[in-house]
Structure formats: C-alpha cells, structure tokens
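Data first, discussion second: the structure below is written as structure tokens.
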2 protein chains.
Amino acid sequence: MAKSESNVDRIHEKLRQMAADFAFKPDQRINETELAISLDASRTPVREALNRLVAEGFLTFQSGRGFSCRPLSPQRILDLYEARVAIECEALRLSCARAKAEDIAALAEYLDGIEPEYAACTDVNALLAMDEGFHLALAELSQNAELMRMLKNLNDRIRYIRMIDLSRMRRGENQGNASPISAHRIILNAVLKRDALQADIALRGHIERRREEATEAVQIAYSQLYVPVD
Amino acid sequence: MAKSESNVDRIHEKLRQMAADFAFKPDQRINETELAISLDASRTPVREALNRLVAEGFLTFQSGRGFSCRPLSPQRILDLYEARVAIECEALRLSCARAKAEDIAALAEYLDGIEPEYAACTDVNALLAMDEGFHLALAELSQNAELMRMLKNLNDRIRYIRMIDLSRMRRGENQGNASPISAHRIILNAVLKRDALQADIALRGHIERRREEATEAVQIAYSQLYVPVD
DNA sequence: GTATACAAAATTGTATACAGAAAGATATAT
DNA sequence: ATATATCTTTCTGTATACAATTTTGTATAC
C-alpha cells in the first residue's frame with residue numbers, strides 16, 4: 001500500500017489551512033498541548049510542523065513564549081500583494097517567451113468552460129478557488145517551479161483577505177470594476193499573441209485593483225476575527 | 001541580560017549556513033543523531049530546525065527516510081535566477097517610485113566608498129558579501145519587507161553557485177564582461193533619475209549575464225563537491 | 001487603588017526511551 | 001553466480017518525562 005505521506009506532513013497541511021483561515025487569532029499564543037490533543041498526536045510532531053509554518057511566514061516564534069500567529073497589518077498585506085505582482089508578472093513575461101502554444105490554448109479552453117459557472121457561482125470559496133486556479137495555471141505556463149512555489153505560499157497568506165474582497169465584490173459594494181473573468185480573458189489573449197508588454201500591463205492592473213481594496217479588507221478582517229462569540 | 005535567542009534559532013542558523021555551503025552532499029541522507037552530537041544538542045531541536053529548512057527549500061523530507069539535501073540541478077538554478085530577477089526588478093521599480101532621495105544618495109556614497117576595496121579584494125567570500133550587500137541594500141529601497149525576505153532566501157540558495165561564478169570571473173576565465181561594480185553604478189544612477197525602465201533593463205541584464213554562466217557553474221560545483229577526500 | 005513580592009500553576013524546551021521501518025548482512029536454494 | 005528469504009543492525013518517528021521558564025494568582029505594604 002502507498003503510505004508515503006508522513007504524519008508531520010499531514011499535521012503541517014492541516015495547520016497551514018488553519019493559519020490561512022486565521023483559526024489562530026493574530027498575536028495570540030498557540031498552546032501546543034491543546035493543539036496536539038485536538039490533532040490526536042503528541043507535541044513533538046506538532047512542534048515540527050509549527051516550525052515549518054514559521055519558515056513559511058505564517059507564524060512567529062519567540063524563545064520561551066512559543067509560537068503565535070503573525071499579526072495582520074495593512075502594510076504587510078500591501079507587501080504581499082506587491083510580491084504577488086513581482087512573481088506573477090515575471091512568470092507571465094516568461095510565459096510569453098516560452099509557453100507551449102497548446103498549453104496556452106488549453107488554458108483558454110478551460111477558461112471558456114468555467115465562465116458560466118463562475119458567473120453563476122454564489123459560493124465565495126468556490127469563486128476564490130477558481131480565481132486562484134486561473135492565476136496558478138497562468139503562472140505554470142512559465143515552467144518555473146520556484147515561481148510556482150513562491151506564488152502558492154503568497155496565495156495561502158492572502159487568501160483570507162481575498163475572500164473578504166471577493167465577497168464584497170459579489171455583493172456589489174465596489175461597483176465600477178470590470179469583471180475579473182474578462183480581465184483574465186484579456187491577459188490570456190495577450191499571452192496568445194506573445195505580447196509581453198500588453199500582458200504585463202493587464203495583469204498588473206488586475207492585481208493592483210484588488211490591492212487597492214486590501215487595506216479596507218484588513219479592517220473588515222479584524223472585525224470578523226474579533227466578533228464576540230457570545 | 002538579553003537571552004532572547006533560542007537554541008532552535010541558533011541550530012537553524014548554523015544548519016542553514018551548512019546547507020548553503022553544501023556541507024550536506026546533494027541527495028545524501030542526513031543522519032540526525034550524528035548531527036545532534038556535533039551540535040551539542042539532542043535530536044528534538046535539531047529536527048525542528050531541519051523542518052524549517054525543508055520549508056525554506058534547502059532540504060527535502062520523506063517519510064521513513066528522514067531529511068536529505070536537495071539535489072543541485074541546472075534547471076533548479078536557472079529557476080532560482082529567474083525568481084531573483086522577478087524579486088529584484090519589482091523591488092527596483094518600486095524603489096524608483098518611492099525611495100527616499102537621501103537613502104538612494106546614502107547607497108551611492110556607500111558604493112563609492114567600497115569601490116577601491118572591491119577592486120583590490122581577492123577573497124571570494126568577501127567579494128560575494130559585498131555584491132550581495134549591494135543587491136540587498138538596493139532592494140531595501142523598495143521598503144517591502146516581503147520582497148526582502150524572499151530575496152534573502154534566494155541569496156542563501158544560490159550563494160554557492162555565485163561563489164564559483166565569481167571566483168571564475170576573478171581568475172579572468174570569462175572575459176568580455178563589464179565589471180559588476182560599474183553595472184551597479186549604472187543601475188543606481190537610473191534610480192537616482194527615477195528612470196524605472198532604464199533601471200529595469202540594466203538590472204535584468206546584470207543578473208541574466210550571471211545566469212548564463214550558472215549552468216557551467218553547476219557542473220563545477222558537482223566536481224568540487226565530489227572531490228575525493230584522500 | 002496601585003504596586004511589589006512571592007507562591008502556584010501552566011507552558012515551553014529538550015533529553016531520552018522505545019516501537020517500528022528501512023537498510024544492510026548472511027545464509028540458502030536454484 | 002544470482003536471486004530470495006531471513007536475521008541483524010541502524011535509523012527514524014513519536015510519546016513521555018522532567019527541568020526551566022513564563023504566566024497567573026494572591027497577599028501584603030504603601
């Protein structure tokens with residue numbers, strides 16, 4: 001049988017999800033014993049997984065005080081969005097230069113396929129998954145594993161904010177924006193034409209429009225995270 | 001007294017240095033007990049540090065077979081150089097837009113100051129430190145902590161290859177290249193003029209010239225790493 | 001009411017023990 | 001000689017114990 005996945009991997013995966021969803025409140029200390037019990041393991045593998053999350057930028061670690069969730073500041077989120085622009089735009093440039101025509105075509109076809117689903121979808125998580133999926137597939141055209149790795153990490157870390165932003169957008173609270181799906185179309189068309197400059201402008205604009213709303217989303221995030229439980 | 005640094009941090013730092021220097025041979029399994037003894041600690045904190053290095057991209061981990069050093073393939077190195085272009089060029093673009101004039105001036109002055117030292121220096125490690133120092137200082141002008149974080153990680157991971165490349169360059173084995181120091185000058189002048197396009201072209205060219213030699217450096221790296229110890 | 005000192009409880013940091021898996025060695029059969 | 005099976009050794013994975021540290025709670029003084 002195929003038992004290649006380790007326990008630490010499983011715990012790490014689970015904890016990363018929790019960190020992405022802010023199951024740990026910002027700046028709150030994480031109780032290892034409690035966490036270990038809830039994950040049905042001992043503290044040893046849990047701490048190993050927590051250490052990975054520190055290296056991935058989700059948590060902080062202080063001697064004698066253990067692990068805590070990194071605080072969520074507007075500045076940090078802006079930094080992450082800028083980093084995302086860096087990664088995605090360079091990947092796009094590389095894609096224009098070297099992506100296989102059939103791979104681009106396949107992505108275009110995929111985009112056509114999910115368009116109706118996207119337009120009709122009301123579940124924010126599903127929407128977000130589709131959006132992330134497109135951006136990842138786009139980056140994958142660059143055939144650069146390291147850029148992919150970095151982008152996945154960034155995605156995990158801004159997912160919560162994007163979710164808030166996306167749900168606001170769905171509720172029509174920020175009118176006057178072109179639909180993301182048509183923005184995706186425009187970007188991909190530029191890649192098809194191997195027009196790196198056009199593609200860069202379109203993608204940059206697409207991400208930066210979202211970034212502008214990020215600060216506001218951080219405020220909302222805080223209010224959601226600290227809703228009284230009563 | 002200030003005893004804020006933890007033992008795991010110390011071990012992690014040490015191991016990262018070892019990984020950057022390829023003290024672990026590529027694909028070779030790492031013996032935890034041996035390592036723990038040599039670091040004067042038990043396996044527990046050592047494994048925690050090793051897990052961080054996995055998340056940072058230095059090592060791999062397989063269930064039942066522990067940790068091993070990631071192999072060093074030409075493709076991976078090219079990916080890392082491309083990622084470096086992504087990070088540094090975006091940082092540069094941001095710097096042109098928002099760096100404080102006094103900070104740019106300070107970096108220019110610093111560059112003037114070390115120029116003679118750089119030209120005279122024969123120690124490859126010192127040279128590399130100066131080179132990395134400039135690039136990091138340049139990126140810092142962007143005031144983006146995440147880009148800095150990513151760049152530091154990339155630097156650690158390609159340091160060994162850069163060292164080989166730099167030592168070859170010093171020995172004059174690849175003639176016809178402009179001196180890196182004058183390339184640095186050109187880039188910084190473009191930032192001073194807030195000319196993002198010019199800066200981008202100069203920096204991109206500067207890094208890509210190095211990248212072209214990277215594949216060759218990987219070959220040399222292997223031959224150096226597997227030299228018989230007799 | 002605030003501050004300080006000290007005791008008690010909770011939590012982290014790490015060594016160690018041991019079960020289980022992988023790798024290596026040895027023997028046997030073809 | 002090669003392949004297979006079995007035993008032995010080594011190394012990994014994780015629970016647990018305990019020391020060290022930090023936090024919390026309480027009492028006392030001002």
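Letters go in sequence order (proteins before strands), and every chain restarts at 1. Quantities reported herein were computed from a predicted structural model and do not represent experimental measurements.
Here the C1' atom of nucleotide D:dC11 and the CD atom of B:Q28 are 14 Å apart, to the nearest Å.
Ion pairing between a basic and an acidic side chain is recognised when a charged N comes within 4.0 Å of a carboxylate O; A:K152 and A:E56 show no such pairing. Of the charged side-chain nitrogens involved, none lies within less than 4.0 Å of a carboxylate oxygen, so that B:D131 and B:R159 do not count as a salt-bridged pair.
Taking the six-membered ring where the residue is Trp, A:H184 and A:Y118 present perpendicular rings, their angle passing 60° and hence far from 30°.
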TODO: Start with the C-alpha gap between B:N51 and A:R47, add the side-chain angles, then the distance that decides, and say whether side-chain contact (heavy atoms from CB on, under 4.5 Å) holds.
DONE: CA-CA 10 Å; B:N51 272 287; A:R47 276 182 63 106; over 6 Å; no
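Nucleotide D:dA29 has C:dT2 as its partner under the Watson-Crick or G-U criteria, with both atom distances under 3.5 Å.
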TODO: Do nucleotides 10-15 of chain C as a string where each nucleotide becomes B, S or -: B if the base has a protein heavy atom under 4.0 Å, S if just the sugar-phosphate does, - if no protein is that close.
DONE: -SBBBB
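Of the residues B:R93, B:H135, B:E208, the one that meets the side chain to side chain contact (heavy atoms under 4.5 Å, CB included) test with B:L203 is B:H135.
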